[in-house]
**Q** 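I am attaching a structure below and will ask some questions about it afterwards.
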Amino acid sequence: MTEPLRPVLLPLMVEDQVRAALIEDLGRAGDITTYATIGPEKTALAALNSREDGVIAGIELARAAFRLVDPSVVFQAKVADGDRVKPGDALIRVEGPARSILSAERVALNFLMHLSGVATYTARFAAEIAHTHARVTCTRKTLPGLRAVEKYAVRLGGGSNHRFGLDDAILIKDNHIAVAGGVAAAIEAARAYAGHLVKVEVEVDTLGQMREALGARPDAILLDNMGPDLLREAVEINRLHQGLSGAEYSSAVGRVMLEASGNVNIQTIRAIAESGVDYISTSKVTMAAPTLDIGLDVEIG
């Protein structure tokens with residue numbers, strides 16, 4: 001099986017986020033501690049080192065932090081986003097005016113530690129279900145302003161992305177169904193409204209709703225808060241509805257995809273994946289990911 005290409009994060013895509021973070025940190029007077037203790041003639045060579053095992057994400061944001069503070073700082077990445085690292089590994093070396101390096105340090109580390117934490121935590125989820133065909137996927141539950149880069153980090157960790165926003169796919173939830181007048185009615189209205197490239201997914205709480213949804217043929221069905229036994233039953237209902245054998249089911253092109261959500265964590269995801277669902281969505285990979293411990297160590301001052 002061919003390894004998927006790593007996602008790309010162009011510098012232009014992250015510059016506004018990094019600039020806003022620097023402005024927040026530098027405030028109205030700049031880094032007064034550094035200005036007070038270090039003369040403008042001082043230079044430094046420093047390394048950003050990993051202090052634990054993990055998957056790296058956020059190199060371009062760290063690069064942007066140093067560049068926006070001072071373009072003369074030389075930035076050399078020793079690893080790439082998506083690389084796995086261990087304690088003691090040098091990730092980045094920076095060289096230049098000491099004031100500039102120290103003023104950019106916190107913002108560079110904040111982005112690098114947070115996004116590497118998301119990638120690392122996602123990799124743990126992905127490893128738990130690697131023996132199945134299921135994929136762990138993130139949600140719209142992300143830190144405000146960081147959705148695009150958090151979703152980028154999820155992919156580096158081996159996960160997949162759900163919607164980026166309300167505008168790139170239709171996900172019919174329980175309140176939409178209540179107002180629209182039923183599962184089938186909501187799906188039919190969505191089909192009539194959507195362009196031919198827009199996917200339609202519907203959330204269901206019961207197997208009865210699932211059967212109604214299958215009759216209206218959405219692209220995907222989200223099975224909300226169902227335990228492994230109910231999920232297995234849902235997979236079997238879907239297989240029989242599609243007229244597929246057990247051997248054909250997981251690789252069949254064009255069938256309705258099944259997504260599980262609710263009560264998903266690192267302890268429960270294996271049993272959920274073994275039910276046969278295709279995707280497992282969880283906010284844990286973005287909202288509960290611990291940061292990866294990374295530090296900046298000055299080597300020469």
Side-chain angles (χ1 to χ4, degrees), residues 1-9 52-58 81-85 114-143 146-165 168-169 171 173 199 201-204 218-232 234-235 238 249-252 255-292:
M1 182 173 163
T2 306
E3 266 309 294
L5 294 174
R6 290 180 182 180
V8 176
L9 196 63
E52 58 183 323
D53 294 322
V55 179
I56 295 302
D81 279 354
D83 286 354
R84 292 178 178 266
V85 297
H114 173 60
L115 296 178
S116 296
V118 170
T120 300
Y121 203 40
T122 302
R124 286 186 59 196
F125 277 80
E128 286 290 321
I129 62 174
H131 61 295
T132 73
H133 76 268
R135 298 285 304 278
V136 60
T137 183
C138 53
T139 70
R140 283 170 44 241
K141 294 177 182 176
T142 54
L143 292 177
L146 294 183
R147 181 173 297 170
V149 291
E150 287 184 346
K151 284 180 173 287
Y152 165 80
V154 165
R155 290 183 61 196
L156 289 170
S160 64
N161 294 155
H162 214 282
R163 295 186 294 173
F164 273 72
D168 61 342
L171 175 49
K173 299 177 76 68
K199 297 285 188 180
E201 181 174 21
V202 62
E203 176 186 280
V204 301
D219 297 293
I221 297 175
L222 190 157
L223 306 164
D224 190 40
N225 281 302
M226 295 187 185
D229 290 341
L230 271 181
L231 291 173
R232 277 189 290 273
V235 170
N238 194 34
Y249 179 78
S250 64
S251 59
R255 69 170 171 82
V256 175
M257 307 300 284
L258 298 183
E259 173 187 340
S261 73
N263 193 34
V264 179
N265 56 50
I266 199 69
Q267 288 79 35
T268 62
I269 193 169
R270 178 184 289 263
I272 293 170
E274 289 174 348
S275 71
V277 296
D278 304 293
Y279 294 96
I280 304 169
S281 58
T282 176
S283 63
K284 294 292 190 294
V285 293
T286 50
M287 299 299 281
T291 59
L292 188 70

**Q** Evaluate the side-chain proximity of E274 to H131: yes if any heavy-atom separation is below 4.5 Å, no if none is.
**A**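 Side chain of H131 against side chain of E274, heavy atoms only: contact under 4.5 Å found.
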
**Q** Does the side-chain contact (heavy atoms from CB on, under 4.5 Å) test come out yes or no for R163 and E201, once each step is laid out?
**A** CA-CA 11 Å; R163 295 186 294 173; E201 181 174 21; over 6 Å; no

**Q** Just how far is it from atom CG of N238 to atom CE of M257, taken to the nearest 0.5 Å?
**A** 9.0 Å

**Q** So, applying side-chain contact (heavy atoms from CB on, under 4.5 Å) with L231, which one of I280, I272, L258 is it?
**A**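 That would be I272; it is the only one of I280, I272, L258 passing the side-chain contact (heavy atoms from CB on, under 4.5 Å) with L231.
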
**Q** Please output the side-chain donor-acceptor pairs of residues 260-268 that fall under 3.5 Å, not counting sequence neighbours, one pair per line with the distance.
**A**
| from | atom 1 | to | atom 2 | distance (Å) |
| --- | --- | --- | --- | --- |
| S261 | OG | D224 | OD1 | 3.0 |
| N265 | OD1 | Q267 | N | 2.9 |
| N265 | OD1 | T268 | N | 3.0 |
| N265 | OD1 | T268 | OG1 | 3.4 |
| T268 | OG1 | N263 | O | 2.9 |
| T268 | OG1 | N265 | N | 2.9 |
| T268 | OG1 | N265 | O | 3.4 |

**Q** Could you go step by step and tell me if H114 and L143 meet the side-chain contact (heavy atoms from CB on, under 4.5 Å) rule?
**A** CA-CA 11 Å; H114 173 60; L143 292 177; 3.8 Å; yes

**Q** Are the side chain of D278 and the backbone of E259 linked by a donor-acceptor contact shorter than 3.5 Å?
**A**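 Such a contact is absent between D278 side chain and E259 backbone.
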
**Q** Measure the CG-CG distance between L230 and L223 for me, rounded to the nearest 0.5 Å.
**A**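 One finds 9.0 Å between CG of L230 and CG of L223.
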
**Q** If every non-hydrogen atom of R255 is compared with every non-hydrogen atom of Y249, which pair is closest and at what distance?
**A** NE-O, 2.7 Å

**Q** If I compare all heavy atoms of Y152 with all of V8, which pair ends up nearest, and what's the gap?
**A**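 Closest heavy-atom pair between Y152 and V8: CE1-C, 4.0 Å.
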
**Q** Kindly indicate, with the supporting measurements, whether the criterion side-chain contact (heavy atoms from CB on, under 4.5 Å) is fulfilled by V149 and V118.
**A** CA-CA 10 Å; V149 291; V118 170; over 6 Å; no

**Q** Measuring from atom CG of L171 to atom CG of D219, what distance do you get when rounded to the nearest 0.5 angstrom?
**A** 12.0 Å

**Q** Donor-acceptor pair, T286 side chain versus K141 backbone, under 3.5 Å?
**A**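 It does hold such a pair.
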
**Q** Is any side-chain heavy atom of R84 less than 4.5 Å from a side-chain heavy atom of D53?
**A**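 R84 does not reach D53 side chain to side chain.
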
**Q** For D229 and R232, what are the C-alpha separation, side-chain angles and deciding distance, and is it a side-chain contact (heavy atoms from CB on, under 4.5 Å)?
**A** CA-CA 5 Å; D229 290 341; R232 277 189 290 273; 2.3 Å; yes

**Q** With a sphere of 6.0 Å drawn around CZ of R6, does it hold more than 12 non-hydrogen atoms of other residues, nucleotides or ligands?
**A** yes

**Q** Between T122 (side chain) and G158 (backbone), is there a donor-acceptor pair under 3.5 Å?
**A**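 Answer holds: no.
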
**Q** Step through the shown structure and confirm whether more than 12 heavy atoms of other residues, nucleotides or ligands are within 6.0 Å of CZ on R270.
**A**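 Counting neighbours around CZ of R270, more than 12 heavy atoms of other residues, nucleotides or ligands fall under 6.0 Å, so yes.
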
**Q** Kindly say whether G159 contributes a backbone atom to a donor-acceptor pair with the side chain of R135 at under 3.5 angstrom?
**A**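 Side chain of R135 to backbone of G159: a pair is present.
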
**Q** Side-chain contact, heavy-atom cut-off 4.5 Å: E150 with L115?
**A** yes

**Q** Please check: side-chain N/O of R155 versus main-chain N/O of N161, any donor-acceptor pairing under 3.5 Å?
**A**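 No, R155 side chain to N161 backbone: no donor-acceptor pair under 3.5 Å.
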
**Q** At their closest point, which heavy atom of S116 faces which heavy atom of I56, and how far apart are they?
**A** OG-CA, 3.5 Å

**Q** Quick one: closest heavy-atom pair of A273 and T132, and the distance?
**A** CB-OG1, 3.6 Å

**Q** Side chain of T137, backbone of H162: donor and acceptor closer than 3.5 Å?
**A** yes

**Q** If you compare all heavy atoms of L156 against all heavy atoms of A57, which two are closest, and at what distance to 0.1 Å?
**A** CD1-CB, 3.5 Å

**Q** Can you name the residues that form a side chain to side chain donor-acceptor pair (under 3.5 Å) with Y121, not counting sequence neighbours?
**A** none

**Q** Could you check whether any side-chain N or O of R147 sits under 3.5 Å from a backbone N or O of R140, counting only pairs where one atom can act as donor and the other as acceptor?
**A** yes

**Q** Shortest non-hydrogen contact from S281 to T139?
**A** CB-CG2, 4.1 Å

**Q** Rounded to the nearest 0.5 Å, what's the gap from CD1 on I129 to OH on Y279? Could you check?
**A**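 So the gap between those two atoms works out to 11.0 Å.
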
